Structures are given as structure tokens and as C-alpha cells.
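All heavy atoms count here, side chains included; hydrogens, waters and symmetry mates do not. These numbers come from a predicted model, not from an experiment. Residue numbering restarts at 1 for every chain, and letters A, B, ... go by the order of the sequence lines.
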Amino acid sequence: MTATAESLPTRFEFSTAQARVWQAWMAQRAFHSEPDQRRAYSIVIPPPNVTGALHLGHALNNTLQDVLVRTRRMQGFNTLWMPGTDHAGIATQAVVERRIREEEGKSRHDLGREELVRRIWQWKDQYEARILGQLQQLGCSCDWERTRFTLDDVCARAVRFTFFDLFQKQLVYRGKRLVNWDTFLQTAVSDDEVFNETVRGWFWHLKYPVIDPLPGEPEFVIVATTRPETMLGDTAVAVHPDPESAMAQAETDLRQKQQRASAAEQPAIRRELEQLEDRRATMLPVLLRLRAMAADGRKLRLPIVDREIPLIADAWAKPELGSGCVKITPAHDPNDYEVGQRHRLPQINILNPDGTLNGQAAQFSGLTIAVARKRVVEHLESIAAIDRVEEREIELPHSDRSKTPIEPLLANQWFVQMDTLAQSAIDAVDDGSVTIAPARYVHGYRAWLAEKRDWPVSRQLWWGHQIPVWSRTCANETLLAEVTGELARLLAAHPDRAAIQVESHETLDEVGSVSQAATIHVCLRDDDPPLERALAALELVRDPDVLDTWFSSALWPHSTLGWPERTSELGYYYPTSTLVTSRDIITLWVARMVLMGLNNMGAIPFRQVYVHPKILDGYGETMSKSKGNGVDPLDVIEKFGADALRFGMVHLTTETQDVRMPVAFECPRCGHSLEQTRKNRELPRLDCPACHQPFSTQWASSEADRALPRGAVLSERFEVARNFVNKLWNAARFSLIHLEGYLFTPLRASDLLLEDRWILSRLNTVTAQVNEHLDHFRFSEIARTIYDFAWDEFCSFYVEILKNRMEGEPRAAAQTMLAYTLDRLLRLLHPIMPFLTEEIWRHLNEIAGVRGLEMADPPTDLLVQAAWPVVEPPRIDPLIESQFARFQKVLSGLRDIRAKQNIAPKKPLQFAVRCNTNLAEMLRPLIPYIQRMANATATDLGDSITLPAVHATAVLPDIELFVDLEGLIDVQAEVGRLTKEVNNLDGQIQSKSQKLGNANFVARAPAEVVAKERESLAQLQEQRQALQDALQKLNSH
RNA sequence: GGGCGUUUAGCUCAGUUGGUUAGAGCGCCAUGCUCACACCGUGGAGGCCACUGGUUCGAGUCCAGUAACGCCCACCA
């Protein structure tokens, strides 16, 4: 035996192995790819945000990608996995700003744009390094030499070219739009960075007096609001243009709903109908009257500010709700904005960016919203302009970043016009050029694109790609013509690098007067300081805003390959093969990549999209940093190893289920595991219930807490994988120890024993299954298939059997088989557990430098470069597999009797087997293995045998087993065991007899099903008879 | 309000086109430190497959409905 193999530890020392293996891969540039003659397989990484460290969701996402990439690489594809990170605009800026505010008490305005951006770059450098390090620790086989960043020069150029192109095509334009204004961070946030929270609020019903009411006309119009301070910006009140039919329609809808509704819902709907009926009686006349007044152009007097505002007719006012009238605040409500557009209403912004009221708010100027609301209400009360106040729960949008309420604010925004772009992305999926798996996600993708809502791409941030547009607003036609003329002269020298748009707009000021004006926009394709200075000289100012992060992400598949340069990479790797992502960014990211790819490249960015599950905590909640229920992959790697983390991830990835993962703190002192709950997960420190010592968590902020040892957050769900890693490691140890003196010996078919043919059959079957599962992204099945094969077949049977053969001489055939089988198993496992398998491969190469079956198949130095196992269909032999199953049954029959008879494992048993001659011949060579595996010797085997005088019986299909229990037998136990067996058989026999007694079944079921049932019934009856005989004999003792 | 998903053993989950009395891991019980592995071996207990109907010779699997939970989208003054 070799000293090296013997001296290997019994636990896989993953941390040293990981470092060593990684170094070997790097030294070989094993992951680097250059275009060549082979088929390409490429994946671009979903670039992680440089906001912070990676979490388990990333570990899952990247593990799956690596499994695909490593497999394809072994299958002979020229594989490129493009790595990189995303600058993540608002998220990153918010994190850094908050930090600066906390640590230095400064705002971004104190620092200035340049300094803030410099600080964020520092942050980015730090976190990018950390993220890439995490990915490498995970074993990701990215081409690290090609690492990109969405804000680096290559990506920036792609962004500029794209924006310029869209600008030229008039597919990007500027317009006014309400943004979600975070008054705390003083920036707009995107819709997906807003969450709604139900809070208790009040619903104020305000009275706006009608100016000069005629007899019979109402003196007031009542409108309701949850934000009374916005009345300062009201520019109209709306009533429905046809309240009668609108109410009728509402009723029809309700009745339809009533028909479909369940009994439980009926009362509520009936109540609604009654209310509607009431309204029709009491309010409809008033609404009709108001409608007529609106048609007459009548006005109301807005309280406090004393402004005359029109009464207008607009369908936005729902007669079935509230008073039937609605106040219109175009500058502060998305719906009102639409109404304002339709009726050319002035937009009055009452808000400063910092959330205080501005000069438009008269005496409330300078107050915060909360205070202003109170004052406005007080004032309205004092003039009796409040009809009534209701308390009710209201849904209030909050900023995800600052947790403060969002205020809608009107601002200039750049938009991408989505009409044709969106359609192209829909078509790509409809015609199958892009496939999405699982298919159910196609619906969401299509539905979102089908809305074709223009994409607002400007963000009021400093961190990102600054919009390359210089603008100047001209107050009149003359000026416009003048400036345009000068620009034309200036830009004539750069026809492909500059483009002009003129945005004509009517400015509606607070007094409602309209003035014609226009803004000239110049877009530059490249940085060009002299030209920029010339633009500045013409008083054109660059837009301070930056582009939405998703704008650069949308270009990722081609920008990372060098677009707009026509690189060889672009021709070879694009379109990429597979995109692996999570479902929440199918619309935001996947859809946009498709349409941008089509626009820029004229080709789809990827052929398949695979959408994987999400990782949830033990309560089914999504993991997030802010909730504190996240798990750091590095903690898992440190405790269980990268391979265990990876195997665990793959194993958990089923098609429909999200991954629920109960998490626990691990006491850094005693290792005790403390379940994480909703309550304890946000505490800065915890006391270990076992050793009563405190430890810190991720929330630790005080000096004292931080000084404590940190408790890692882990999940027991990785233990299975860790155990598997160790099982494999030890199977490898066994192999290495027993391969001493190995010399490759070509094996002919006749050299193979039953168990050899069995394991080869299984190996080929399993390989075929793994291939099939891989093609369909059934990751969990891949893991399970290999796990079961490796543990239950290779370890539990094949290795056990080989123990016998390793003792005898010669063992060359057994060694060749062992080396070969282990070799193939390592290849199959490598994509999931690269470090372990690579490490074993190294050891195996040392002792068995040439491997193979019929011919020598010299292994590569590194497993990562080895070829994927090829399925040899002739080796798949169902007959051998079923014969081997007999052997397994005999073994467990023996073990069962030993256990039930309570016979110590050390005590040898003797047994006889009764079966037909064919079976006997098949079993005979396997009998010696039973010696070791069940500590039992066969005394007789065949169709006529001598039974032991005192014995226990096991009846298997076609086989009877008799265990000699002379002087050992526990009659009671044996009777119990046999009776139980008989009962069990009786149950089966009864159900089968019943089935076969059913004329319908016999008549209508397929003949083969019926035949199979008959056959199995006969066999069961046979078995039952044998058991019955045994019982009788026992009782007569 | 619209859409999607889930509900199977104490826990976390499998269960491919309907066809023996539904499986795994963990946990639990019993037992064994036999020279690859106690992160292991051997045996065992444990399920009205959420509920109600339907289709079928036959339903965990297909259809309809109900309930609970979760996610996404749109949101009412």
C-alpha cells in the first residue's frame, strides 16, 4: 500500500484543497477562451451589484451557471463564461451617501459631484474585488481575464453609441413625467425601488365653493383626499362626463361579478349594489348638474390660495366613488397628470426637492409635508371648508432605500420609445429564437412588453453614465432659428458623431398662460472636449442626470464582447447560449437585453433563458440584507466547503419550488446552533443558550458588540452535501489505497464479472440520465441521480464487492475496473463539485496514470480539461441490472433476519438458498461477497437443497432463503416477522384480486397491464404459500 | 383587482406521459467504532398525497371548484 494514500486524512480538507486546486486552474488558464474552430458555448454572468457582498441567491445563480459551463467545456465546446459587475446606480450611490453621512456628517452636496463619484469608485473597487473573490471561492470558471464592469470604458462606449443611435432614430426623447421622489435622499427612485405600506391615515372631504352659483346649483363641490396639502397645487376639479352611464356600467360590472362570485362573497357584493342604488338616487342629480356646469366652463374657488379653478368633465372622476368629484393636482399625482394633459391644465409644483413646500405654497412655504398637512387642515377647518374626516387604512408608497414616504414630483425625463423595440422582443420569443424555461415565465415577459410603455431612462443621480445630451431652451422662434443655425455650422464637421433634436413644448405656468418655447438637444456620440466647449459657448448645458442602470445592463451580452467594435469575440460568442437568472428581473433585464441586442446587433443576445428558483428563509420570506435573514456564502464555504455549498444548491434547484432554507446562528464559541426567528434576526448580539456566552451578528454596531466573536449564519441544509463530499472522499481513499501496484490491463468482455457489467451498465444509464436532465435544466435531478449512484451503488455495493477481489490475486482486472469507474464518476461529478473531484483526480493520476477499459485512455492532467463520459448504449443491460437486484434482495433478506432475530453482527450466520438452477448459477459467483457484507456463509444453493434443521425464512420473488438458527432462534420474533410478511402479502393479494375481479378492468385496461397484474398476483400467492408453510413448521415445533 | 406558483412523513422536498400497498435526506427508535468513511453501517417506526366534486377499469398525477400560504403586476381621489 502506498504511504501517500494511507496517510490521507479521513475528512476532506476542503480549504487547503480549494486553494491548491484553484491555483492549478489559474496556472493552466483553464477558464480562458479564445475564438477558434470549435463550437462555442457562452454565458454572460448576471453582473452582481457592487452594492455589497454576495448572498446565497448569487451562490445559487452562479453555481448553476458554472455547472452548465463546466459540463459544456468537458463536452468539447469552446466555453466562455463572461464575468463582471454592475454599477447599480441608485443602490450604490445610496449606500455610499448614507455611509458618508453617518461617518462624516456630510451630504452629497457638501462633497460635490466629482468627489462623490470618486468616493463611489473607491467603494466599487473594494466591493468588486470582494465579489469577484467570492465568485472565485465558489469555484466559478469564468474567464477572469475578461472581467468587465458596466461603467468601464468598453461598456461606457457601448452605452454612448446606443444612446446616440436611439437619439438619431428619434427613439429617445425628452418629456415631463412624475417621478417617485425620495425627499430624504433627494433623488428620484424607480418604480421597482418603491414598496407600499399600509398605514393608518385620514381621508379628508374638502369643500370647494362654486363661484356665483345659480339657483338650484350646489354651493360647494366636495372632493376627498388623503393628502390635503396637495390642494395648494390643485388646478381643477373633475366630474364624470356621463355619470349616468358610468354608474350603469359600474352596476353591470358588479352584477357580472356577482354571478361568478362564491356564496361567501355574495353579501358584500349585494351591499355594494345597494349602495350604488342609493348613490344613483341621491347623487346622480347633483353630478348631472355639475356635468352641465363643467360644460358651461364654470369655475370653483380654491380655498386658502383663492385661485379660480375650472370644473372639468373627465372620465377619471368615478361617479361610483366618494363624492363623484375628484380634485386634480397634475404636478403631484400620476393620474391627475394625465387629466391635466388632456385638459391642458397648468401644473403647479408645490414641493422643493428636499420635501419642504416651496413658494407656490404661500404661507406654508418652507414647511415639511407633515407640518404643512397639519396647518392646511387647521386652516381649512377654520374657514369651515372641511366637510368631514374619515379614518381609514391607506396604502402609502415608500422608498426602499430610505424607508421614507415617496412624493410624486414632476420632472424632465428622457424616455426610450418602446413601441417597435418591445415588439421585436415579443417576436423573438414568439418565433422561438429565444426560449424561456420554465415556459410559464413567457406570459409575464410578453404581458409586460405588450404594454409598450415608454421606458424612463434618466435618473437624478451622479453615479452612472451621464446622459450625453447638451440642451438649451429658447424662449421664441427667432432665438431658436438663430441657435439652430449656429449649431448646424458647428456640427457640420462631425456628421456621424452629433445629432440634434428639437423639443417643442408649451410652457404652462402657474397662472395658466401659455408660451411657445422649444428646447434644442444635441447628443454627442463620443467624448469631445473641444466640441463640448463650443456647445457651452452657445449656452448649451449638459444634462446632469445619468442613465438608468438597466440601460447599461441591457447591453451586457454584446458590450462585454467589445461592441461597437467588430471584434472577433463578437462574431464567435454572440449570440450567447444560455442566460441563467432569477425571475424578478425577467422584465427589467432579460426583456431589455433582447430588444437592445436586436437593435444594436440585429440578433438576439441568447438562445435560452433559464429561470431558477429563489432562496427563501425558513418562514418562506425572501432573503435580504435589510431583513437580516441573509446567509453569506463565505460562511457556508468556511463551514462546509465550496463543493458542499454547490452540491446543496444544485440539489435544491427543482423546477417549481422556491428553495426554503431555515437558517440558524452558530455560536462561535461552542458551535451550538440557534434557530433564526423573525425576532432574533435583527438583534446586534445574542446569547448562546448552550454556553451562555454572547456573540455578535451582522447588526453589531456598538464598540462592545463588535468586539464579540461573530456568529455565522448557516443552514443545516448543507449537511447532506457535506456528508456526501466526505463519503466520496473516503471512497476515493479506499480506491487509492487499493490501487497500489496498479497496472492498466485492457479488459475484454469475457474478463468482466457480473458486478462489473452491472456497474458499467449503471454508469452508462446514469450518464445518459444526467445528460438528459442537463438539457432540460433539471438540476435537482442531476444531483440526485449522481448522489444515489455514487452512494447506494458505487459505495454500498461495488466497492464492498471489490474488497473481496482486492484480497485475492490477481487483482489487475479489479483495479482496472475500479480506476475506470472512479474516473468516470469524477467526471460526472466535476461540474457540481469541482474542487473535490479535481483533488481526487490528482491523486488518482499519481497512482493510475493510465486508465481505460478496453483500451488505454490516458487522463488529462487536470480534470477540468477532461472529456465528459460518452454513453455506450451496448453497456446498458437491463437483464444484468435485474439479476443484480436479486443479489441485493438476498443480502437485505439476510440482514433483516439478523436484525429481527437480534443476532449480533459479529456472530456468523449460515444459510441456504432455494431457487431455480439458472438463478443459482447467476448467484453462485456473488455468494462470497455475502460473506463479507452480511457475515453469512451459504451452505447450499439450488433447486433441491437441504434445509437447516432450525431456520428462519425469507421469501423473495423466485427465491427462498433459509437461515440456520440452531441454538439461536427466537421463535416468537420469527413468528412475528413471518406473520407481518404474510399480512403484508395478504393486503396486496386482496387488492389485486379485487382489481382482477372487476370485469371492467379486465375488459378495458390494456392487455399488458392486465397480464402484468395476473402475473404479479400469482407470484404473491406463491410467496404467501411459502411463508405460510414456514409459519406452520415453526408452530409445530 | 389581474396573473403565477405552492399545499405529499415531525422538518425540507422528490414523485417525468394516470398503472404493484407513494419515495429521499434530516430528525426519531433499535443496533454496531468489522482495517475507505460514526459527516459511517444495518434494521425500524412514521402519510385519508389541503378539501369537495368530476373524468376513468384505475387519480398524488387529468378537469372544475373551495381554502390557506407565497410571489409578481396594477391600484382609487
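- The side chain of A:R895 lies closest to B:U42, out of B:U42, B:C39, B:G41.
- Side chain A:R722 to base B:C39: a donor-acceptor pair is found below 3.5 Å.
- Not counting sequence neighbours, A:Y441 has no partner by the ring-ring contact (aromatic ring centres under 6.0 Å, His included) test.
- Taking the six-membered ring wherever Trp is involved, the centroid distance between the rings of A:F203 and A:H205 falls below 6.0 Å.
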Per-residue pairing states of RNA chain B in dot-bracket (Watson-Crick or G-U under 3.5 Å; . unpaired, | other strand) read (((((((..((((.....[...)))).(((((.......))))).....(((((..]....))))))))))))....
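- The nearest heavy atom of RNA chain B to A:E719 and to A:F724 marks one nucleotide each, and the one closer to the 5' end goes with A:E719.
- The neighbour count for A:E1015 CD, taken as heavy atoms of other residues, nucleotides or ligands under 6.0 Å away, does not exceed 12.
- The existence of a salt bridge linking A:R977 and A:D896 is confirmed by a sub-4.0 Å separation between a basic side-chain nitrogen and an acidic carboxylate oxygen.
- Comparing the same atom, P, in B:C4 and in B:A64 gives a spacing of 11 Å after rounding to whole Å.
- A donor-acceptor pair shorter than 3.5 Å cannot be found between the side chains of A:Y787 and A:D792.
- In the model, A:H240 has no side-chain atom that pairs as donor or acceptor with a side-chain atom of A:D314 under 3.5 Å.
- Of the listed nucleotides (B:A14, B:A36, B:A74), B:A36 has the atom at the smallest distance from the side chain of A:I737.
- Under a 4.0 Å N-O distance rule, the pair A:R1024/A:E981 does not qualify as a salt bridge.
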What's touching nucleotides 45-48 of chain B from the protein side, N or O pairs under 3.5 Å?
| from | atom 1 | to | atom 2 | distance (Å) |
| --- | --- | --- | --- | --- |
| B:A45 | OP1 | A:K980 | NZ | 2.9 |

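- Between the side chains of A:D775 and A:N771, not a single donor N or O lies within less than 3.5 Å of an accepting N or O.
- Atom CD of A:E638 sits in a sparse spot, with 12 or fewer heavy atoms from other residues, nucleotides or ligands closer than 6.0 Å.
- As judged by a 4.0 angstrom heavy-atom cut-off over every strand, A:A317 is placed among the base-contacting residues.
- Of the candidates B:A36, B:A14, B:G43, B:A36 carries the atom nearest the A:K803 side chain, counting heavy atoms from C-beta on.
- Across B:U20, B:C39, B:U12, the shortest atom-to-atom separation from the side chain of A:E1013 is found for B:U20.
- Nucleotides B:A22 and B:A9, compared at atom C1', are 11 Å apart to the nearest Å.
- Screening A:L300, A:L302, A:I312 for a side-chain contact (heavy atoms from CB on, under 4.5 Å) involving A:V237 leaves a single residue, A:L300.
- Between A:E807 and A:R932 a salt bridge is recorded (basic side-chain N to carboxylate O distance below 4.0 Å).
- In this structure, A:L844 atom CG and B:A36 atom P are separated by 18 Å, rounded to whole Å.
- Taking atom P in both B:C33 and B:U42, the straight-line distance is 16 Å, to the nearest Å.
- The listed nucleotides are B:A74, B:A36, B:G15; the one nearest the side chain of A:E781 is B:G15.
- Taking for each of A:A731 and A:L985 the nucleotide of RNA chain B with the nearest heavy atom, the 5'-most of the two is the partner of A:L985.
- Rounded to whole Å, the C1' atom of B:U12 lies 25 Å from the corresponding atom of B:C72.
- In this model, no donor atom of one side chain and acceptor atom of the other lie less than 3.5 Å apart for A:N804 and A:Q931.
- Salt bridge A:E390/A:R388: present, at least one basic N to carboxylate O contact under 4.0 Å.
- Nucleic acid contact for A:V720: sugar-phosphate only, since backbone atoms but no base atoms lie under 4.0 Å from a heavy atom of the residue.
- Remark: the backbone N or O of A:P319 is paired with a side-chain donor or acceptor of A:R279 at under 3.5 angstrom.
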Would you tabulate the pairs of protein nitrogen or oxygen atoms and nucleotide nitrogen or oxygen atoms of nucleotides 53-59 of chain B closer than 3.5 angstrom?
| from | atom 1 | to | atom 2 | distance (Å) |
| --- | --- | --- | --- | --- |
| B:C57 | OP1 | A:R1004 | NE | 3.2 |
| B:C57 | OP1 | A:R1004 | NH1 | 2.1 |
| B:C57 | OP2 | A:R1004 | NH1 | 3.3 |
| B:C57 | O4' | A:N1000 | O | 3.4 |
| B:C57 | O2' | A:N998 | ND2 | 3.1 |

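- Evaluated for a side-chain hydrogen bond (donor to acceptor under 3.5 Å, both in side chains) with A:K327, the options A:T230, A:T235, A:D336 yield exactly one hit, A:T230.
- B:G18 sits 6 Å from B:U61 when the C1' atoms are compared, rounded to a whole Å.
- Shown for residues 896-907 of chain A: residues whose heavy atoms fall under 4.0 angstrom of RNA chain B, namely A:D896, A:A899, A:K900, A:K906.
- The side chain of A:V1009 has B:G19 as its nearest neighbour among B:G19, B:C76, B:A36.
- Proximity note for A:H738 (side chain, C-beta onward) versus B:A36, B:G19, B:U12: the nearest is B:A36.
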Under 3.5 Å, which N/O atoms of the protein pair with N/O atoms of nucleotides 69-72 of chain B?
| from | atom 1 | to | atom 2 | distance (Å) |
| --- | --- | --- | --- | --- |
| B:C71 | O2' | A:R583 | NH1 | 3.4 |

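- Counting heavy atoms of neighbouring residues, nucleotides and ligands inside a 6.0 Å radius, atom CD of A:E716 does not exceed 12 of them.
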